[in-house]
Amino acid sequence: MLPHVESANVAASVDKLLAERGTALLSMKELIAAVRERTGTERSDADLAGLITKKAALLGVAVLSD
């Protein structure tokens with residue numbers, strides 16, 4: 001069985017999404033939904049939350065863990 005290959009670069013999409021949203025307090029659930037909508041990823045919510053948290057910390061963006 002071949003591994004799943006995503007058509008979009010999820011990490012780059014997260015970077016772009018966080019940059020677009022600016023410094024406003026962001027909801028983790030909304031961010032996960034937006035990443036799924038943009039990329040069609042099948043990654044788990046926990047995996048996406050970890051990626052978003054890491055990227056947000058690097059960019060200095062506050063994310064509400066809801």
Side-chain angles (χ1 to χ4, degrees):
M1 175 181 243
L2 295 174
H4 175 73
V5 177
E6 294 180 3
S7 59
N9 185 339
V10 176
S13 294
V14 170
D15 285 337
K16 185 175 179 182
L17 183 63
L18 290 172
E20 289 173 359
R21 301 286 174 110
T23 58
L25 185 60
L26 305 172
S27 163
M28 182 61 75
K29 287 182 181 180
E30 290 175 9
L31 288 170
I32 290 172
V35 170
R36 286 194 191 288
E37 182 179 316
R38 287 182 181 201
T39 66
T41 186
E42 295 180 6
R43 290 186 182 192
S44 69
D45 285 356
D47 186 39
L48 290 174
L51 177 62
I52 292 168
T53 300
K54 179 180 174 183
K55 294 287 190 175
L58 289 172
L59 296 172
V61 177
V63 176
L64 177 63
S65 180
D66 47 0

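As the structure is a prediction and not an experimental result, all values here were calculated from the model.
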Chemist: List the atom pairs, donor and acceptor, that lie under 3.5 Å between side-chain atoms in residues 25-36 and the rest of the protein, sequence neighbours left out.
Modeler:
from: S27; atom 1: OG; to: K29; atom 2: N; distance (Å): 3.4
from: S27; atom 1: OG; to: E30; atom 2: N; distance (Å): 3.4
from: S27; atom 1: OG; to: D66; atom 2: OD2; distance (Å): 2.4
from: R36; atom 1: NH1; to: T41; atom 2: O; distance (Å): 3.3
from: R36; atom 1: NH1; to: R43; atom 2: O; distance (Å): 2.9
from: R36; atom 1: NH2; to: R43; atom 2: O; distance (Å): 2.7
from: R36; atom 1: NH2; to: D45; atom 2: OD1; distance (Å): 2.6

Chemist: Is the shortest heavy-atom distance from the side chain of V10 to the side chain of L48 under 4.5 Å?
Modeler: yes
Chemist: Quick one: side chain to side chain contact (heavy atoms under 4.5 Å, CB included) partners of S44, sequence neighbours excluded?
Modeler: A46, D47
Chemist: In chain order, what residues pass the side chain to side chain contact (heavy atoms under 4.5 Å, CB included) check against E37, with sequence neighbours excluded?
Modeler: none
Chemist: Which atoms form the tightest heavy-atom contact between V63 and A56, and what is the distance?
Modeler: CG2-CB, 3.6 Å
Chemist: CG/L59 to CG/D15 distance, rounded to the nearest 0.5 angstrom?
Modeler: 6.0 Å
